> 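Below you will find the structure I want to go over with you.
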Amino acid sequence: MRGWWQDLTDLVLPAECGGCGRPRTVLCPECRAALSGAVPRRVRPVPEPVGLPVVHAAAPYEDEVRAALLAHKERGALALAAPLGVALAGAVRAGLGHLRRPGPGGRPMAPDGRLGPRKGEARGEGGRPGFGDGQPMSAQSGRGRPEAAAGVVPGPLLLVPVPSSRRAVRARGHDPARRIALAAAGELRRTGMSARVLSVLVQRRAVADQSGLNSRQRLDNLAGALEVAAVGARLLADGGRVVLVDDLMTTGASLTEAARAVRAARARAQGTDVTEVVRRMAGTGELGDVGGGTICAAVVAAAPDSFEINRN
C-alpha cells in the first residue's frame with residue numbers, strides 16, 4: 001500500500017517521464033504528443049462483440065503510451081492521471097457525435113430536437129431509425145442548434161468508469177480508470193461541458209484473471225459480472241448521455257459487459273422489457289440502447305490492430 005508521503009512526492013517531484021523515463025518530468029513533450037497529439041479515432045476489436053457500443057480511443061496501446069498507462073496503473077505514478085485524463089477527454093469528445101438524447105417515452109431524439117420513430121414506424125436508410133428525411137440519426141448531429149454544430153450535444157454528460165475488482169484496487173492502492181475519469185471530467189468542464197463521473201458499476205461476482213484468455217473466453221468470464229448499484233440506476237434513468245470509460249480496450253469484453261449492465265438498469269428503471277433491449281441490440285451495439293443510442297465508450301488507448309478496421 002502506498003503511503004501518502006509517496007503520493008505527495010510523486011506529485012511535487014516526479015522521478016521520471018512515465019513514457020520514456022526522461023528524468024524530472026511527469027510526461028515529456030514527445031510522450032504527450034504520442035498520447036494526445038493525434039485525433040482520437042473509432043476503434044473496433046476483431047472479433048467485435050455483439051453489444052459493444054461505439055468506442056473511440058486517443059492512441060494505440062504501444063511504446064510510450066503503453067509505458068505511461070502501466071506506470072499509472074501498476075506503479076502508482078498518480079501524477080500521470082492528469083495527461084491521461086486529457087487524452088480520455090479527447091476520446092469522449094470524439095464519440096459525442098454518436099450519441100442521441102433520449103426523448104419522451106424513450107424515443108431517440110436528434111440534437112435538433114426531432115424525435116425518432118416508435119416501434120413499427122418508418123425507418124431510415126440501412127434500417128436505422130430516421131428523422132424525417134431517411135438519414136441516420138448521426139447524420140444530423142450538426143443541425144438546428146449552435147452547440148450541436150460545434151460538436152457538443154446538449155444535456156448532461158455522465159462518465160461511467162469500468163470498475164476494477166476490489167482485490168486489484170487493494171493491491172494497486174487506487175482505481176486507475178476512476179482516477180483518469182475524474183481528470184477527464186475536469187478537463188471537459190474546463191471547456192464548457194457539463195460532465196460528471198458516476199461510479200455506479202459494481203462487480204456482482206468474482207471473475208477469473210483475464211490475462212491469457214482469448215476474446216471468447218473473456219466475454220464468457222465477464223458475462224453477468226457487473227451491475228448498476230441501486231442509487232446509480234435512478235441517476236441513469238434520468239436520461240443524459242452515458243460514456244463508458246476505461247484506460248484500455250483490447251477485446252472489448254469489459255466495455256460490452258459494462259454496456260449490458262447500464263442498458264439493463266435503464267430498462268428496469270424505465271419499465272422497459274430487458275429482453276426487448278437485448279433483441280434490439282443483436283447485430284449492432286449502436287442501436288440497442290434504451291433511449292436510442294445514448295451510450296458510447298471512450299478509452300485512452302486500444303490495441304493497435306483495432307485502429308486498422310475502419311468501417312465508419
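Here the structure is a predicted model, which is why all the values come from computation and not from measurement.
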> Looking at side-chain heavy atoms only, is the closest gap between L244 and C296 below 4.5 Å?
no
> Taking all non-hydrogen atoms of both residues, which atom of L27 and which atom of R32 are closest, and how far apart?
O-NE, 3.0 Å
> Carefully, step by step, assess L157 and R196 under the rule side chain to side chain contact (heavy atoms under 4.5 Å, CB included).
CA-CA 7 Å; L157 181 62; R196 59 182 296 199; over 6 Å; no
> The criterion is salt bridge (Lys or Arg N to Asp or Glu O under 4.0 Å); which residues satisfy it with D247, sequence neighbours excluded?
K73
> Mind running side chain to side chain donor-acceptor pair (under 3.5 Å) on R218 and T250 for me, showing each step along the way?
CA-CA 10 Å; R218 290 189 178 202; T250 50; 3.1 Å; yes
> Test V197 against every option in L158, I180, V160, L182 by the side-chain contact (heavy atoms from CB on, under 4.5 Å) rule and name the one that passes.
L182
> Let's go through L188 and R93 carefully: what are the C-alpha distance in whole Å and the side-chain angles of both, what is the deciding distance for side chain to side chain contact (heavy atoms under 4.5 Å, CB included) to 0.1 Å, and is it a yes or a no?
CA-CA 8 Å; L188 292 167; R93 292 190 196 97; 3.8 Å; yes
> With sequence neighbours excluded, tell me which residues meet salt bridge (Lys or Arg N to Asp or Glu O under 4.0 Å) with R22.
E30
> I would like to know whether L201 and V228 meet side chain to side chain contact (heavy atoms under 4.5 Å, CB included); could you show each step before the answer?
CA-CA 5 Å; L201 285 171; V228 174; 3.7 Å; yes
> Taking only residues two or more places apart in sequence or in another chain, which ones pass side-chain hydrogen bond (donor to acceptor under 3.5 Å, both in side chains) with R179?
H174
> Can you tell me if S306 and R44 form a side-chain donor-acceptor pair at under 3.5 Å?
no
> For the residue pair S165 and R170, confirm or rule out a side-chain donor-acceptor distance under 3.5 Å.
no
> With rounding to the nearest 0.5 Å, note down the distance linking CD1 in I295 to CZ in R260.
11.5 Å
> Report the C-alpha distance between V299 and D246 in whole Å, list the side-chain angles of each, state the deciding distance to 0.1 Å, and finish with yes or no for side chain to side chain contact (heavy atoms under 4.5 Å, CB included).
CA-CA 5 Å; V299 295; D246 207 349; 4.1 Å; yes
> Report the distance from atom CZ of R172 to atom NE2 of H72, rounding to the nearest 0.5 Å.
10.5 Å
> Enter the distance from L35:CG to L80:CG here, rounded to the nearest 0.5 Å.
9.0 Å
